[in-house]
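Have a look at the structure below before the remarks.
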There are 2 protein chains.
Amino acid sequence: MKKSTQPTINDVARLAGVSKKTVSRVINQSPLLNGDTRKRVEAVIAEIGYVPNPQARALALRRNFLIGLIHDNPNAQMVLNVQQGLLEVLRDTEFELIVHPVDRGSGSMLDDVRQFLERQRPYGVMLLPPISENDTLAELCAEIGCRFVRMGSAQFGPAANMVASNDREAVRGAVEHLAAAGHRRIGMIAGPHGFRSAFERQQGYEQALEDAGLPVQRTLVAQGDYTFESGMRAAERLLDLAPRPTAVFCSNDEMAAGALHVARQRGLDIPADLSIVGFDDTSIASHLWPPLTTVRWPIATMARAAALKLIGDNDEIADEPQDALFVSTLIRRASVAPPSA
Amino acid sequence: MKKSTQPTINDVARLAGVSKKTVSRVINQSPLLNGDTRKRVEAVIAEIGYVPNPQARALALRRNFLIGLIHDNPNAQMVLNVQQGLLEVLRDTEFELIVHPVDRGSGSMLDDVRQFLERQRPYGVMLLPPISENDTLAELCAEIGCRFVRMGSAQFGPAANMVASNDREAVRGAVEHLAAAGHRRIGMIAGPHGFRSAFERQQGYEQALEDAGLPVQRTLVAQGDYTFESGMRAAERLLDLAPRPTAVFCSNDEMAAGALHVARQRGLDIPADLSIVGFDDTSIASHLWPPLTTVRWPIATMARAAALKLIGDNDEIADEPQDALFVSTLIRRASVAPPSA
DNA sequence: TTGTATGCGTTATCAC
DNA sequence: GTGATAACGCATACAA
């Protein structure tokens, strides 16, 4: 009759000579079901190419199968890696990923997110830094009753709602590496104020200096805002110092690239005259000349873990007490050498 | 009574003392409605914070408000720019973006897409290159009855289903620029076989040479696969030539970066000894040293246009015969100079 | 201008 | 084990 449209559960029921409920049972793998009827229904399903309507399912179940990704465009590679990690887990489930960028500068960010959550009512959402650091946002999710996982550079919330790297520790290792190479004047290009990641990384830098018995000097720290240009400006300031630092740790690769740029403009040889370490291990790091020593954090792994936390204890996927902390590694390339002096 | 859950249209109706239908009319901006009742209903809506359930709406309307983005991870910046462009348009509508990456190498790509389309039944989907070039995929969308827009480097389909740049023309201009600077041995690092973009760009290169009265030599074209490493390998081959080309056009920035890398390893001065032009104007282009002359295509604009095509003639948004072709521009930076010889 | 009855495709309740 | 029947939240016919 109405073959023009997508077949529904009714069509299957009619053709198989059973009730809707039975078909529903087949779809939902109900255990109490006669093997014969099951096979018959499955045959019909395969034959007419029936596929359940997620909208209707969502309505009846009073819950849907959408996972939201809320972010404020940190950097392209990061967002995409997260998406990839999430989708790797979601691929074999009935969940779909729905992306919702926001503008943290707009002032209506919270309202925007609230509207998104109330409208779509996603099953769970993942929050990317830097907005993941916003406690009000986390409270909003909790209040609305939406599962959420925050990604961050430190564990600033309950483990159940976090996937975090340990940036402080990672940077400590990186700067330690510099000190071990013989550097005694190690500068830092820090991230912007208000960013947890910037704070953690600076802490790691200072700890490493203390561990190495080196003085922590304010003049050796220049602040940037994670952009290439700000990295250039910060590097200018650092390289104007006398004596010049022989090494500089940069809070991200982008700024490291800017620093490298400036150093070369000044005729400095990298790494002979200046060692540079970045953070993130974005593609730019390996393509720079010389390739950049940097810190890599397991972003895809973290995203996968986040996805599991979001959809976990829902399906048969056991909700083992998953760890919230993930370890970063120092990627040693050619931008670091002992000081030449 | 049941205040624990999200308010529904029934709650609004009851509290406002009207029928569900009237509330529905308010929501859908029906013109034939008493101003008083409208205001009363709107007041209740605002008071109890009612927000329509999209799932139920979708079910009743027999259509949903999801726009799909199907891609095979071309490059991160591109995917993100497209997302941004799409969401800019979708932001003020009731549509949401749902991302669905696929693996064109897996063999099950078409089945994967088909399943996605049949399950979610998105209102429309956007196809990114290179899979957008796959005609079978486009036919699949058409067959299933899903609106679609293909993004490409040339108009290889009906304008209604396309947003395209004109890569051939853009490259012609870029190589012309090289010729105008006095270069007579201009090499090319081409993209991988089977990519429409690679083909178009090579065509543009050859046309420019012909226009300039220069011979088209096979040896001056080295093939890469759009990766940094392949750019390095291709550059090696080109720079081994005697006489050496004095300029090289690269089919994308990534490969241009690889070429730059190799040139510097060989002690060549850029641009004095070798001029380099890239394509895409990704962030890497401006951060390279020297900054890379490259072709910028209006990716966000194209994405916005695509979004309009997808949701167009649905809302009041007029479906003016939008153009399918978008023009690229040559971004002149420091990697090009007249040949030094 | 507003209300009533009915349907959208699925699942849950509770019988048989 | 299986099947009527009533939700789920909203929209469309068709009356009133």
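Within every chain, numbering begins at 1; the chains are lettered A, B, ... in the order of the sequence lines, protein sequences first and strands thereafter. The model shown is predicted, which means the values in this text are computed figures rather than measured ones.
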*Taking only residues two or more places apart in sequence or in another chain, which ones pass side chain to side chain donor-acceptor pair (under 3.5 Å) with B:Ser165?*
B:Asp167
Is there any protein nitrogen or oxygen under 3.5 Å from a nitrogen or oxygen in nucleotides 10-13 of chain C, and what are the pairs?
{"unit_1": "C:dT10", "atom_1": "OP1", "unit_2": "A:Tyr50", "atom_2": "OH", "d": "2.7"}
{"unit_1": "C:dT10", "atom_1": "OP1", "unit_2": "A:Asn53", "atom_2": "N", "d": "2.8"}
{"unit_1": "C:dT10", "atom_1": "OP2", "unit_2": "A:Ile9", "atom_2": "N", "d": "2.5"}
{"unit_1": "C:dT10", "atom_1": "OP2", "unit_2": "A:Tyr50", "atom_2": "OH", "d": "3.4"}
{"unit_1": "C:dT10", "atom_1": "O4", "unit_2": "A:Lys20", "atom_2": "NZ", "d": "2.8"}
{"unit_1": "C:dT11", "atom_1": "OP1", "unit_2": "A:Asn28", "atom_2": "OD1", "d": "3.4"}
{"unit_1": "C:dT11", "atom_1": "OP1", "unit_2": "A:Asn28", "atom_2": "ND2", "d": "3.1"}
{"unit_1": "C:dT11", "atom_1": "OP1", "unit_2": "A:Arg57", "atom_2": "NH1", "d": "2.5"}
{"unit_1": "C:dT11", "atom_1": "OP2", "unit_2": "A:Ser24", "atom_2": "OG", "d": "2.7"}
{"unit_1": "C:dA12", "atom_1": "N7", "unit_2": "A:Lys21", "atom_2": "NZ", "d": "3.2"}

*Grab the CZ-P distance between A:Arg14 and C:dG9 for me, whole Å please.*
12 Å
*A:Thr37 side chain N/O closer than 4.0 Å to the phosphate oxygens (OP1, OP2) of D:dG1?*
no
*Smallest separation among heavy atoms of B:Ala13 and B:Lys20, with atom names*: CB-N, 3.8 Å
*Rounded to the Å, how far apart are B:Glu94 CD and D:dC10 P?*
13 Å
_Measure NZ/A:Lys39 against P/D:dG1 and give the value in whole Å, please._
15 Å
Show the atom names and distances, to 0.1 Å, of all donor-acceptor pairs under 3.5 Å that link a side chain in residues 112-122 of chain B to residues at least two apart or in another chain.
{"unit_1": "B:Asp112", "atom_1": "OD1", "unit_2": "B:His100", "atom_2": "NE2", "d": "3.3"}
{"unit_1": "B:Asp112", "atom_1": "OD2", "unit_2": "A:Arg91", "atom_2": "NH1", "d": "3.2"}
{"unit_1": "B:Arg121", "atom_1": "NE", "unit_2": "A:Gln6", "atom_2": "OE1", "d": "3.4"}
{"unit_1": "B:Arg121", "atom_1": "NH2", "unit_2": "A:Gln6", "atom_2": "OE1", "d": "2.5"}

*Please state how far atom CD in B:Gln55 lies from atom P in D:dA11, giving the value in whole angstrom units.*
13 Å
*With sequence neighbours left out, write down each residue that passes salt bridge (Lys or Arg N to Asp or Glu O under 4.0 Å) with A:Glu88, or none if nothing qualifies.*
A:Arg304
_Nearest-Å distance for atom pair CG/P, residues B:Asn64 and D:dA11_ = 14 Å
*What nucleotide among D:dG3, C:dG3, C:dT1 has an atom nearest to a side-chain atom of A:Thr22?*
D:dG3
*asked:* Without decimals, in angstroms, what is the distance between A:Leu59 CG and D:dC10 C1'?
replied: 8 Å
*Spacing between A:Arg38 atom CZ and D:dT2 atom C1', to the nearest angstrom*: 13 Å
_salt bridge (Lys or Arg N to Asp or Glu O under 4.0 Å) against B:Arg25, all qualifying residues, sequence neighbours excluded_ = none
*Listed partners of A:Asp36 passing side chain to side chain donor-acceptor pair (under 3.5 Å), at least two apart*: none
*Check the distance between C:dG3's C1' and B:Asn34's CG and give it to me in whole angstrom.*
15 Å
